[in-house]
Amino acid sequence: MKHHIQDLLTRAIEQLQQDASLPAELSSDIQIEHSRGRGKEHGDYASNIALMLAKAARCNPRQLAERITDALPQSSQISRVEIAGPGFINFFVTSNAFQQIVVDIHNAGEAFGRSTIGNGQVVQVEFVSANPTGPLHVGHGRGAAYGAAVADLLVAAGFKVHREYYVNDAGRQMDILAASVWLRYLEQCGEAIVFPSNGYRGDYVRDIAATIHNAHGNTLRHPAQAVMENLPADANKDGSGGDKEAHIDALIARAKQLLGNAHYRTVFDAGVDTILHGIREDLEMFGVVYEAWFSERELVESGAVERAIERLKKSDKLYERDGAWWFRSSQYGDEKDRVVVRENGETTYFASDIAYHMNKLERGFERTIDIWGADHHGYVPRIKAALQALGEDPKTLDVLLVQFAILYRGGEKMQMSTRSGEFVTLRELCDEVGRDAARFFYVMRKCEQHMDFDLELAKSQSNDNPVYYVQYAHARICSVMRQQQEKGLDWQRDDGFANLEQLSEPHEQALMSRLSRYPQVIENSALNHEPHQLAYYLRELATEFHTYYNAHQFLVDDSAQRNARIALITAVGQVLRNGLALLGVTAAETM
RNA sequence: GCGCCCGUAGCUCAGCUGGAUAGAGUGCCACCCUCCGAAGGUGGAAGUCACAGGUUCGAAUCCUGUCGGGCGCGCCA
């Protein structure tokens, strides 16, 4: 319908241009919007085209609007056109054209709302990608819910989507995890260990240690004294005293030395594998699935990082200083140059990430989307710089930054830190509030908005959480259909289609109008990466259904009216299911 | 200090590629089921769109500055 009106306006303006009553070089995208005004006073669709073109046409907007409407071709789908306010053109759609949406929804079913606007373009979406140093917590949950929704929306909009989790299973943080696990293991063997301030303190580290102890007994045991002697001093809690980084690095070196490669690997792998397995399970439970889990370690071992560095060296994008290799990112808009190879010969996380993004392009993705926590925003310029330095177009990469979910427990802000082990896990959250509530709640806000997440409120299962409201609308529709069967009233879909002119109540008109907007909502949500638009839409649709439900009986004696109304509400049910599915929320038949 | 994000009803947030009287949920007040599920509906009160300038027919929306909050500014990831 929107495109139809757009077409009518285009033809009207071309007509005026031929009459030379409008400048020929005039060009403007014709924007059609659903009217926002209360009730129907502003019609069903509106265009501000006359306001947009008034200046170029050198006449006042209202006069221009009149000339445009005079030139509009006739359409069987438009009942009336009005000029209002400063020069808006309001279109009133015939009720026949409106009712068609009910038939369309039934015919398309699950496919209703999908489009081909993405044109099969291949887009890779990387999200969550939390380091496997601990279980996912509620902060990761937001990225997971958001990323999954964006990916599903893109699929609905006709893109070909490849979802990927980048596993940082190489590098220093993983060594710190391995050292932490080993020290807990030694404790369980009875050694008196002073745990490093920089180690991972969560209970899950003890669990992994216990598993190792069960499997390997004391074979990995070394005396505490041998482990701890001659280490650089650790820092105190307040940061004073020794160097915590030097301390933990020395501890890692000591672990490798005492255990030897094979045994160190045993501890290391036990840590990564256990945690990664947990993360996969948690995401699966959360309804988030990936096409691929991409291992940083495999990237390094394949030589891709080395190749990336060589490629940059060859084109003089790297230089040596203070024993390290630096990337000239400041030449591409970054604040300063960045190290890719450390003085000790180890490559940095950044080096891996350059290789990873190079690899994405080599795999043929036309567009890539990275979804990161907002604390990484300073990282965007350097990764775009790297793409540019490699001769790639940085615009093919969209980085979406998800702000933190600030946790409250009963109005009190909670501090979270993976290292200290004080955090609420995603699993705990879902156990408490349910997966559906969590998924919906997370995408209610646009990603750059800070989010307050009060656990007590979410746990209370109160009506504050709008997911129940939307699900209830769906359950109610299902309930009506159960009643229809129990009462032995028959429901003939085709008879309903044939009697859609019965749907003349304002509530019914409002619902059909809302339903007709759904495809546009999907398109906007997908292209703008804004699942919250869909969440809001679903709540509005649910509201209009509940209002209708309270105002009118559906299971009436008049079969023509009954079938028409059931056709309408089952169409509503279909759209609720389609929309909730895209957000990863179930549409239960009973609650 | 520099950079990014945010500031809209008591609270949580939509609206931001400039357009019509700034919306919703929640909370508060008053109502509505002998009727398909009251996890619902109807009505009401509630706003200097942080502040100050600017751009123009028109600014919550764009520009500049100020204030307030969050985050970042490692040879960590």
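Sequence lines set the chain letters: A, B, ... in the order given, protein chains first and strands last, and positions in each chain run from 1. The model shown is predicted, which means the values in this text are computed figures rather than measured ones.
- Rounded to whole Å, the distance from CE on A:M174 to P on B:C76 is 17 Å.
- B:C4 and B:A20: their P atoms are spaced 30 Å apart (whole Å).
- Atom name P, nucleotides B:C49 and B:G53: the rounded distance is 13 Å, in whole Å.
- In this structure B:A45 sits in no base pair that meets the Watson-Crick or G-U test at under 3.5 Å.
- B:C13 and B:G7: their C1' atoms are spaced 12 Å apart (whole Å).
- Neither OP1 nor OP2 of B:G74 sits under 4.0 Å from any side-chain N or O of A:R338.
- Among residues two or more places apart in sequence or in another chain, the ring pair (Phe, Tyr, Trp, His ring centres under 6.0 Å) test is passed with A:Y356 by A:Y166, A:F294.
- A:Y379 is linked by a ring pair (Phe, Tyr, Trp, His ring centres under 6.0 Å) to A:Y349, A:F350, A:W372, counting only residues two or more places apart in sequence or in another chain.
- Taking the C1' atoms as reference points, B:A39 lies 22 Å from B:C29, given to the whole Å.
- Partners of A:H450 by side chain to side chain contact (heavy atoms under 4.5 Å, CB included), not counting sequence neighbours, listed by chain and number: A:Q403.
- Between B:C2 and B:U55, the distance separating the two P atoms is 27 Å to the nearest Å.
- For B:C76, the OP1/OP2 oxygens have a side-chain nitrogen or oxygen of A:R342 closer than 4.0 Å.
- In this view, A:V341 and A:I309, A:W325, A:T347 satisfy the side chain to side chain contact (heavy atoms under 4.5 Å, CB included) rule, not counting sequence neighbours.
- Contacts of A:H474 with the nucleic acid, taken as non-hydrogen atoms under 4.0 Å apart, are absent.
- Taking for each of A:F441 and A:D322 the nucleotide of RNA chain B with the nearest heavy atom, the 5'-most of the two is the partner of A:F441.
- B:A60 and B:G74 have their P atoms separated by 40 Å, given to the nearest Å.
- Side-chain proximity of A:Q173 to the nucleotides B:C13, B:C36, B:A77 is greatest for B:A77.
- Residue contacts shown for A:H376 include a base, since a base heavy atom lies under 4.0 Å away.
- Listed candidates were B:C6, B:A39, B:A77. Nearest to the side chain of A:Y472 is B:A39.
- Applying the 6.0 Å contact sphere to CD of A:Q483 captures more than 12 heavy atoms from other residues, nucleotides or ligands.
- Residue-level contact check: A:Y379 touches the bases, meaning some heavy atom is under 4.0 Å from a base atom.
- Taking CZ of A:F327 as the reference point, atom CZ of A:R338 lies at 10.5 Å (rounded to 0.5 Å).
- Listed nucleotides B:C71, B:G41, B:G37 differ in distance to A:F404; the shortest reach to its side chain belongs to B:C71.
- Using the Watson-Crick or G-U wobble rule with both distances under 3.5 Å, B:C11 pairs with B:G25.
- Put simply, CZ on A:F350 is 15 Å from C1' on B:C73, counting in whole angstrom units.
- Contact of A:D375 with B:A77 (side chain to base): no donor-acceptor pair of N or O atoms is detected under 3.5 Å.
- Straight-line distance between the P atoms of B:A45 and B:G72: roughly 45 Å, to the nearest whole Å.
- The side chain of A:H546 lies closest to B:G41, out of B:C4, B:G41, B:A14.
- Residue A:S352 is out of contact with every strand shown, counting any heavy-atom pair closer than 4.0 Å.
- Below 30°, between 30° and 60°, or above 60°: for A:F554 and A:Y548 the angle between ring planes is between 30° and 60°, a tilted geometry.
- Across all strands, A:Q403 comes closer than 4.0 Å only to sugar-phosphate atoms, never to a base (heavy-atom distances).
- When ring centroids are compared, A:H529 and A:Y146 stay outside the 6.0 Å threshold.
- Looking at A:D370 and A:D398, their side chains never come closer than 4.5 Å, going by heavy atoms from C-beta outward.
- Across all strands shown, nothing is found opposite B:U34 as a Watson-Crick or G-U wobble partner with both distances under 3.5 Å.
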Please list each protein N or O that sits under 3.5 Å from an N or O in nucleotides 42-44 of chain B, with the distance.
from: B:U42; atom 1: OP1; to: A:T547; atom 2: OG1; distance (Å): 3.4

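- Classification of the A:H532-A:Y536 ring pair by plane angle, with boundaries at 30° and 60°, yields perpendicular.
- Computed from coordinates, the A:H552 NE2 to B:G37 C1' distance equals 19 Å when rounded to whole Å.
- One atom, NE2 of A:H377, and another, P of B:C6, lie 12 Å apart when rounded to the nearest Å.
- Nucleotide B:C76 forms no Watson-Crick or G-U wobble pair with any nucleotide shown, as no partner meets the under 3.5 Å limit on both distances.
- Nucleotide B:A20 has no partner under the Watson-Crick or G-U criteria, as no pair reaches both atom distances under 3.5 Å.
- As a whole-Å value, the separation of A:I569 CD1 from B:G37 C1' is 13 Å.
- Note: CG (A:L568) to P (B:C36) measures 20 Å, nearest angstrom.
- Counting any heavy atom pair closer than 4.0 Å across all strands shown, A:Q449 reaches sugar-phosphate atoms only and no base atom.
- The P atoms of B:U48 and B:G58 are separated by 24 Å, rounded to the nearest whole Å.
- Nucleotide B:C4 has B:G70 as its partner under the Watson-Crick or G-U criteria, with both atom distances under 3.5 Å.
- Side-chain contact between A:V399 and A:H376 is absent, with no heavy-atom pair separated by less than 4.5 Å.
- Legend: residues meeting ring pair (Phe, Tyr, Trp, His ring centres under 6.0 Å) with A:F453, ordered by chain and number and at least two apart, are A:F441, A:Y442.
- Within the structure, every side-chain polar atom (N or O) of A:Y469 is placed at least 4.0 Å from both OP1 and OP2 of B:U26.
- Nearest nucleotide to the A:V480 side chain, out of B:A77, B:C36, B:G25: B:C36.
- No engagement by A:M481 is indicated, since no non-hydrogen atom pair under 4.0 Å with the nucleic acid exists.
- When distances are taken from the side chain of A:N550 to each of B:G37, B:C6, B:G41, the shortest belongs to B:G41.
- Of the candidate nucleotides B:A77, B:G3, B:G40, B:A77 has the atom lying nearest to any side-chain atom of A:E296.
- Nearest nucleotide to the A:E335 side chain, out of B:G25, B:A77, B:C73: B:C73.
- Listed candidates were B:C36, B:C75, B:C16. Nearest to the side chain of A:K446 is B:C16.
- Note on A:N344: nothing from the nucleic acid sits closer than 4.0 angstrom, heavy atoms only.
- Searching all strands for a Watson-Crick or G-U wobble partner of B:A60 with both distances below 3.5 Å returns nothing.
- Distance from the side chain of A:Q483 is smallest for B:C36 among the nucleotides B:C76, B:C13, B:C36.
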